[in-house]
Amino acid sequence: MAIARCMFVVAVAVAVSLASPTTAATGVGRLLDERSLRAAATCSEFPQMCHAKGSPGPDCCRRRCADVRTDSLNCGRCGRRCRYGWACCRGRCVNIMYDAKNCGGCRRRCPKGSFCTYGMCSYAS
């Protein structure tokens with residue numbers, strides 16, 4: 001009886017090892033493998049990776065992909081940061097709280113005769 005149990009355990013272990021080969025990574029191991037490969041590749045070595053779908057942007061700044069037209073940490077050029085309360089609109093840092101052409105966000109223009117106050121168009125004089 002004990003020998004039969006031992007043979008059953010060995011047979012199950014062999015079946016499990018054959019069902020999931022160690023060469024093909026699955027589950028959590030596959031995710032870890034993908035992350036290590038993705039972390040090893042930088043845009044300074046492979047510039048085309050910034051043009052791939054799902055990339056943060058087409059430009060390479062400090063070995064990372066970025067969009068210099070919208071990224072507040074790389075506004076207009078690599079490393080140029082926008083101040084607190086300012087946003088990157090078309091590669092320029094603008095104060096979205098008081099800029100009439102970018103009131104409350106990029107390209108949100110106030111109508112003629114009004115001005116931008118605290119990110120909202122105001123008609124009061």
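Throughout, numbering of the chain's residues begins at 1 and tracks the sequence. On a predicted model such as this, the values are computed, not experimentally measured, just so you know.
- Residues Leu73 and Arg81 share a closest heavy-atom pair of O-CG, 3.6 Å.
- Here the two cysteines Cys43 and Cys65 have their SG atoms 2.5 angstrom or farther apart.
- Pairing each heavy atom of Gly91 with each of Arg80, the nearest pair is O-NH1, 3.9 Å.
- With rounding to the nearest 0.5 angstrom, the CZ atom of Arg109 is 12.0 Å from the SG atom of Cys103.
- Asn102 places no side-chain N or O within 3.5 Å of a backbone atom of Arg108 that could act as its donor or acceptor partner.
- The CD atom of Glu45 sits 8.0 Å away from the CZ atom of Arg63 when rounded to the nearest 0.5 Å.
- Ring-centre distance between Tyr118 and Tyr98: below the 6.0 Å cut-off.
- Distance check, rounded to the nearest 0.5 Å: SG of Cys60 to CD of Gln48 gives 11.0 Å.
- With Asn74 as the partner, the side chain to side chain contact (heavy atoms under 4.5 Å, CB included) test is satisfied by one option alone out of Pro56, Cys82, Cys88, Cys61: Cys61.
- Contact record, Asp59 with Cys50: O-SG, 3.9 Å, taken as the closest heavy-atom pair.
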- [ ] Step by step, work out the side chain to side chain contact (heavy atoms under 4.5 Å, CB included) result for Cys93 and Cys75.
- [x] CA-CA 7 Å; Cys93 291; Cys75 188; 3.7 Å; yes

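- Distance CH2/Trp86 to CZ/Arg92: 9.5 Å, rounded to 0.5 Å.
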- [ ] For disulfide (SG to SG under 2.5 Å), just list the numbers for Cys116 and Cys110, CA-CA rounded to whole Å, side-chain angles, deciding distance to a tenth of an Å, and then say yes or no.
- [x] CA-CA 7 Å; Cys116 186; Cys110 288; 4.8 Å; no

